[in-house]
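A, B, ... follow the sequence lines: proteins, then strands. Residue 1 opens every chain.
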2 protein chains.
Amino acid sequence: MANISNPDLPSEAISRLLALIGQPARIQILFAIGEQEACVCHLEAVLEMRQASISQHLMVLRKANLVTSYRDGRNIFYRLTQPGVLTLLQQAAQLVGIQPEALRRLALRPVEGCPCPQCNPGMDPQLTCQKARSKSKNIS
Amino acid sequence: MANISNPDLPSEAISRLLALIGQPARIQILFAIGEQEACVCHLEAVLEMRQASISQHLMVLRKANLVTSYRDGRNIFYRLTQPGVLTLLQQAAQLVGIQPEALRRLALRPVEGCPCPQCNPGMDPQLTCQKARSKSKNIS
DNA sequence: TGGATATATTCGCCATAACGAATATATTAT
DNA sequence: ATAATATATTCGTTATGGCGAATATATCCA
């Protein structure tokens, strides 16, 4: 997976970029982190895909320098490296006749059922991004 | 190859468009016909690919409604259905750091060695789009 | 330190699509 | 009508990439 800014033929460089993001899961990811960075746990809630699949897509995007990540505790947050990618996607969406509102839904927060910190402002950070945490301790 | 404007998930519709044009030959074709329509013979000169391959790509683009064609004599001319596709490609080019001049070269005419009518204004239309026409008749 | 959890990575399978070769179709010239 | 030519289509092979399963790594908590 060559880096996007390889100095070869223009058509090949453009091709790599488009082929890279020309996939439903990646497009959803890019929209989801486009306006605001997101942790993987948020992407799981949005994409409704298995975590491993999402990480695979993130790896591809990362190696292509389209996204960068940083760790915060157990969570890893992703954001766009070049915001222009979002513009590109928006224009593609317009070309295929997608309504702007439908696009906004892809970036909207909070996402219901998402346990990530950004979708749950004010929640104890210790409790975010936890799937089906056992509450047995509080039961007795 | 589903039509681009299928009413399914936004990310899938966008994906189809991007995957469709995310290929060097198609990108070259779209740039070549972006500003001005072109016949297949011109595309052969520009892409330096075999005719059958070019026609295959054209067929894909046609079925996706990205280009339309009309016949003029023996030649068939192609043009963009939605000019916005060109804008999309230009923006993608900018994202990968391609200089505008390099882009312009992809649409520039005349192309040297191209026998198409547009690359040879004033030439007898009967003689355009003819590869290695036998001149044996004139030899004796 | 050990266990739980969030995320990453590797591997093998499978489908899709690009490509080359061959051939078909439509138009013009003789 | 026949030949020549511009373009289209079909077919079979092959390669690329996405996906599921399994596993690894890193961090936090007790």
Side-chain angles (χ1 to χ4, degrees), chain A residues 1-2 12 15-16 18-29 38-45 47 49-64 67 69-78 114-117 124-137, chain B residues 1-2 12 15-16 19-27 29 38-45 47 49-64 67 69-78 114-117 124-137:
Chain A
M1 210 70 45
E12 290 178 4
S15 164
R16 266 199 307 280
L18 295 182
L20 203 75
I21 65 183
Q23 177 145 162
R26 309 231 176 103
I27 292 171
Q28 283 182 278
I29 290 176
C39 62
V40 178
C41 129
H42 176 79
L43 296 176
E44 287 187 63
L47 300 194
M49 292 177 59
R50 294 177 320 126
Q51 175 267 321
S53 292
I54 294 176
S55 267
Q56 286 175 20
H57 288 297
L58 287 173
M59 181 176 17
V60 174
L61 294 173
R62 197 170 355 105
K63 287 184 178 172
V67 304
S69 62
Y70 69 91
R71 176 182 286 271
D72 179 22
R74 306 188 197 188
N75 303 322
I76 298 188
F77 286 82
Y78 281 84
C114 174
C116 91
D124 178 2
Q126 310 288 11
L127 297 180
T128 59
C129 284
Q130 312 243 2
K131 344 177 174 171
R133 167 167 294 276
S134 65
K135 298 170 183 171
S136 46
K137 283 187 183 174
Chain B
M1 208 72 44
E12 291 178 4
S15 165
R16 265 198 308 278
L20 203 76
I21 65 183
Q23 178 147 162
R26 310 232 176 106
I27 292 171
I29 290 175
C39 61
V40 178
C41 130
H42 176 79
L43 296 176
E44 287 187 62
L47 300 195
M49 291 176 59
R50 296 176 319 127
Q51 175 268 321
S53 292
I54 295 177
S55 267
Q56 286 176 12
H57 288 297
L58 287 172
M59 181 176 19
V60 174
L61 294 173
R62 200 171 353 105
K63 287 184 177 172
V67 303
S69 61
Y70 69 91
R71 175 183 286 270
D72 178 21
R74 305 190 198 188
N75 303 322
I76 297 189
F77 286 82
Y78 281 85
C114 174
C116 90
D124 178 2
Q126 311 287 13
L127 297 181
T128 58
C129 285
Q130 313 243 2
K131 346 177 173 172
R133 166 166 295 276
S134 66
K135 298 169 183 172
S136 47
K137 282 186 183 173

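Distances shown here put a side-chain N or O of A/H57 below 4.0 Å from the OP1 or OP2 atom of D/dC19. OP1 and OP2 of D/dG18 both lie 4.0 Å or more from every side-chain N or O belonging to A/S53. Proximity of A/N75 to the phosphate of C/dT7: a side-chain N or O atom is located under 4.0 Å from OP1 or OP2. At the phosphate of C/dT16, neither OP1 nor OP2 sits under 4.0 Å from any side-chain N or O atom of A/Q23.
A/L18 places its CG atom 13 Å from the P atom of C/dA18, with the value rounded to the nearest Å. Rounded to an integer number of Å, the gap from A/I54 CD1 to D/dG18 P is 15 Å. When rounded to the nearest whole Å, the span between CG of A/L58 and C1' of D/dG18 equals 15 Å. In this structure, B/R50 atom CZ and D/dT9 atom P are separated by 16 Å, rounded to whole Å. D/dC11 atom C1' lies 12 Å from atom CE of B/M59, rounded to whole Å. Look at CZ on B/R74: it is 12 Å from C1' on D/dT7, rounded to the nearest Å. Per the geometry, CG belonging to B/D72 stands 11 Å off P belonging to D/dT7, to the nearest Å. Taking atom CD of A/Q28 as the reference point, atom P of D/dG18 lies 14 Å away to the nearest angstrom.
Using a 4.0 Å heavy-atom criterion, one finds that A/Y78 contacts the sugar-phosphate atoms exclusively. Within the nucleic acid shown, B/A52 comes within 4.0 Å of at least one base atom, counting heavy atoms only. Contact annotation for A/S55: base contact, defined as any heavy-atom pair under 4.0 Å involving a base atom. Residue-level contact check: A/R71 touches the backbone only, with heavy atoms under 4.0 Å from sugar-phosphate atoms and none from bases. Within the 4.0 angstrom heavy-atom criterion, no nucleotide atom of any strand lies near B/A25.
Here A/Q23 contributes atom CD and B/R16 contributes atom CZ; the two are 13.5 Å apart, rounded to the nearest 0.5 Å. B/I76 contributes atom CD1, which lies 9.5 Å from atom CG of B/L58 (distance to the nearest 0.5 angstrom).
The residue among A/T128 and B/M49 whose nearest nucleotide of DNA chain C is located toward the 5' end is A/T128.
Using a 4.5 Å heavy-atom threshold, the side chains of B/I27 and A/L18 count as touching.
Between the side chain of A/Q51 and the base of C/dA6, no donor-acceptor pair of N or O atoms lies under 3.5 Å. In terms of polar N and O atoms assigned as donor or acceptor, the side chain of A/Q56 never comes within less than 3.5 Å of the base of D/dG17 in a complementary pairing.
Remark: B/A25 pairs with B/M49, B/H57 by the side chain to side chain contact (heavy atoms under 4.5 Å, CB included) rule, at least two apart or across chains. Applying the side chain to side chain contact (heavy atoms under 4.5 Å, CB included) criterion to A/P117, with sequence neighbours excluded, gives A/C39, A/F77, A/T128, A/C129.
A donor-acceptor pair under 3.5 Å links the side-chain atoms of B/R71 to the main chain of B/G73, judged by distance alone.
Picking from C/dA8, D/dT9, D/dG18 the nucleotide with the shortest atom distance to the side chain of B/R62 gives D/dT9.
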